[in-house]
Student: 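To start, I am sharing the structure in question, which I have written as structure tokens.
Naming convention: chains lettered A, B, ... in sequence-line order (proteins, then strands); numbering from 1 in each chain. Only heavy atoms go into these numbers, but all of them, side chains included; no hydrogens, no water, no symmetry mates.
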Protein chains: 2
Amino acid sequence: MARLTPSIACNDCPIRYRAVCADCDADELAMLERVKTYQTVQAGAHLASAGETLDHFASIVSGCATMSRTLEDGRRQTVGLLLPSDFIGRPGRAQSAFDVQALGEVTICRFERRAFERMVRDTPHIATRLLTMSLDELDAARDWAVVLGRMTAREKLAAFLVSLARRQAQGMGGRVSGGGVTLNLPLTREELADHLGLTIETTSRQMTALRKDGLIDLPQAREILIPDFEALSAEAGEDGDGGPIV
Amino acid sequence: MARLTPSIACNDCPIRYRAVCADCDADELAMLERVKTYQTVQAGAHLASAGETLDHFASIVSGCATMSRTLEDGRRQTVGLLLPSDFIGRPGRAQSAFDVQALGEVTICRFERRAFERMVRDTPHIATRLLTMSLDELDAARDWAVVLGRMTAREKLAAFLVSLARRQAQGMGGRVSGGGVTLNLPLTREELADHLGLTIETTSRQMTALRKDGLIDLPQAREILIPDFEALSAEAGEDGDGGPIV
DNA sequence: GTCGGACATTGATCGAGATCAAAGCGCCCT
DNA sequence: AGGGCGCTTTGATCTCGATCAATGTCCGAC
């Protein structure tokens, strides 16, 4: 499975700015500092809509958002989960290809479009970084296509929990202790189902099945404890190449 | 659905080099011309294997290849179809994330890795172009995830045929005449099934169903005639935003 | 020609997940 | 406390696509 690379993000957001700019002149980013604005939106708010023209880029500071498409008859598929430090917007594209919707309260850091693109143009290594980020997302999207196309409901759920655990551990949003991992599930069962390409009922049933089989514990519906990370990874059909959680 | 942008490709390959380099100094690409080599491989040949370290990039000159992953138990999912002018390899990544396999006889144009990356580094607008290409692929991968996650077998097949028709028309590999479109299907039913996330039997049955419903004609198993492109698009759940075939 | 093998179609049956329906559980509000 | 609402779980049944099995078609080798 793909590993994600640190995103472009702001200096005093609690994010991985240094990683981006270790080899970057402070001056080159000063411009961004001048135009950035913080914004906090409530659960359900649309950060972008498919086809909408955006005048800004953003990175997620806190909270969680989904990228999804809804078909005319109401079927919805989530194509990506955005966590803190993830980037919203596509350099060179004014239009969003998918809906981006806040799950809970979300704080983003916005950059005015023109300023951001000027910086990209004038700072070659930022362009390289953006390319790397895009390729990571591409790998992740294709990995997920394999899950959607060929895995069973149980495997889909296990694969999602494993990947979320890895990302939360990476972003320090989760706790790892003695082989056990605690996950805060930022999605409702419905949002989860939309990501897995399942119905809410099947998702709930598989969650119960994993619990009964001792692979996860559910102190609360939205809090998941993984006692044996390796065991859950095995359910996701991983042969171990995904690496440990930390 | 996503529109693809012309790829990086070689000068005298019958591809869209000019589009790439309209604003490019001939000198900047001369280096590539010196290191490029053509290679023709037979059906089934692996152009890359997941995890394998690649010392080159390539673009497809003729023929067709798939990007896929095979699970340990043999389940396979194709995550992308590579047609002439499509690019193989990921700048900045030495390893391939997926298997790339030739479907029929395939000719590629190879660029030595180091030379290519040097050119990317020294030619900012090439980096921008690569970013654009990656974002196109990202859109395409996410679009396909929606198909895999939420569409019925019939819709999946229709969606694939429509997108293949668009790409072949774009690449002049297909003929458009009086509303009717002829497609050369470069895939066997099995390869098609692996792309659609279905079995070979279901794929075949849906093909027959579309034929019986007059949406396609099948003079031969691998030749598909689309009498009414709009009608087939509608089967794919498109509301018309995908645009016409030409 | 006809043999053999790869590819494709069709039929019969099965089963995972969808659908329809009903509780159960938190939690806020009055 | 009790009512209402959103989220979750569980149960009963149905259906689409998978699976198992057979047959058909094309094409190249001999």
Side-chain angles (χ1 to χ4, degrees), chain A residues 42-44 66 71 73-77 103-104 147-161 183-213 216-224 235 237, chain B residues 42-44 64 66 71 73-77 103-105 147-161 183-213 216-224 235 237:
Chain A
Q42 297 308 308
T66 55
L71 306 180
D73 58 6
R75 285 177 288 177
R76 180 191 310 221
Q77 178 66 48
L103 291 185
V147 172
L148 289 175
R150 286 300 183 203
M151 289 199 174
T152 63
R154 182 186 178 97
E155 290 170 327
K156 284 178 176 179
L157 180 54
F160 174 75
L161 293 178
L183 268 190
N184 305 315
L185 193 66
L187 310 147
T188 66
R189 292 289 184 273
E190 184 173 14
E191 288 152 353
L192 184 48
D194 285 341
H195 192 41
L196 303 180
L198 299 171
T199 59
I200 182 173
E201 295 94 335
T202 298
T203 305
S204 178
R205 273 185 252 271
Q206 294 302 330
M207 195 74 92
T208 304
L210 289 182
R211 180 174 56 71
K212 286 190 174 158
D213 292 347
I216 59 173
D217 195 13
L218 286 170
Q220 292 154 116
R222 306 282 280 273
E223 188 183 338
I224 295 171
E235 288 295 325
Chain B
Q42 297 309 307
C64 179
T66 54
L71 305 180
D73 59 6
R75 284 178 289 178
R76 180 191 309 220
Q77 178 65 48
L103 291 185
E105 185 179 284
V147 172
L148 289 175
R150 287 298 183 203
M151 289 200 174
T152 64
R154 183 186 178 98
E155 290 170 325
K156 284 178 176 181
L157 180 55
F160 174 76
L161 294 177
L183 267 190
N184 305 314
L185 195 65
L187 310 146
T188 66
R189 292 290 184 274
E190 184 173 14
E191 288 152 353
L192 183 48
D194 285 340
H195 191 43
L196 303 180
L198 299 171
T199 59
I200 181 173
E201 295 95 334
T202 298
T203 305
S204 179
R205 272 186 251 272
Q206 294 303 330
M207 196 75 90
T208 304
L210 288 183
R211 180 175 57 71
K212 286 188 174 160
D213 293 348
I216 59 173
D217 195 12
L218 285 170
Q220 292 156 115
R222 307 280 281 272
E223 189 183 337
I224 295 170
E235 289 295 323

Student: Does Gln77(A) reach the main-chain N or O of Asp194(A) with its side chain, forming a donor-acceptor pair under 3.5 Å?
Tutor: yes
Student: Does dT9(D) have its OP1 or OP2 closer than 4.0 Å to a side-chain nitrogen or oxygen of Thr208(A)?
Tutor: no
Student: Provide, to the nearest angstrom, the distance between the CD atom belonging to Glu190(B) and the C1' atom belonging to dA18(D).
Tutor: 15 Å
Student: Expressed in angstrom and rounded to an integer, what is the separation of Leu185(A) atom CG from dT8(D) atom P?
Tutor: 8 Å
Student: Could you check how far CE of Met151(B) sits from C1' of dG17(C), rounded to whole Å?
Tutor: 19 Å
Student: Please evaluate the base of dT19(C) for a donor-acceptor partner in the side chain of Arg205(A) within a cut-off of under 3.5 Å?
Tutor: yes
Student: Please confirm whether any donor atom in the side chain of Arg154(A) sits under 3.5 Å from an acceptor in the base of dG17(C), or the reverse.
Tutor: no
Student: Would you indicate, yes or no, if dA18(C) has its OP1 or OP2 atom less than 4.0 angstrom from a side-chain nitrogen or oxygen of Thr202(A)?
Tutor: yes
Student: Closest to the Thr199(A) side chain: dT10(C), dT19(C), dG17(D)?
Tutor: dT19(C)
Student: Nearest-Å distance, CG (Leu187(A)) to C1' (dC7(D))?
Tutor: 14 Å
Student: Answer yes or no: is there a donor N or O on one side and an acceptor on the other, between the side chain of Arg222(A) and the main chain of Leu187(A), under 3.5 Å?
Tutor: yes
Student: So how far is it from Thr208(B) OG1 to Ile216(B) CD1, rounded to the nearest 0.5 Å?
Tutor: 8.0 Å
Student: If you round to the nearest 0.5 Å, how far is CD1 of Ile200(B) from CD of Glu190(B)?
Tutor: 5.5 Å
Student: Determine whether a donor-acceptor pair (one donor, one acceptor, N or O, separation below 3.5 Å) exists between the side chain of Glu201(B) and the base of dC20(D).
Tutor: yes
Student: Assign Ser204(B) to base, sugar-phosphate, or nothing according to its heavy-atom contacts below 4.0 angstrom with the strands shown.
Tutor: base
Student: Can you tell me the distance, in whole Å, between the CG atom of Leu198(B) and the P atom of dA8(C)?
Tutor: 15 Å
Student: Report the distance from atom CZ of Arg222(B) to atom C1' of dT25(D), rounded to the nearest whole Å.
Tutor: 14 Å
Student: Measure CG/Leu218(A) against P/dG26(C) and give the value in whole Å, please.
Tutor: 12 Å
Student: Write down the distance between CG (Leu148(A)) and C1' (dG17(D)), rounded to a whole number of angstrom.
Tutor: 17 Å
Student: Between dT8(D), dT10(C), dG17(D), which one does the side chain of Ile200(A) approach most closely?
Tutor: dT8(D)
Student: Between Glu155(B) and Glu235(B), what is the shortest heavy-atom contact and its length?
Tutor: CG-O, 3.3 Å
Student: Just to be sure I understand the rule, does Gln220(A) reach a base, reach only the sugar-phosphate, or reach nothing, if contact means heavy atoms closer than 4.0 Å?
Tutor: nothing
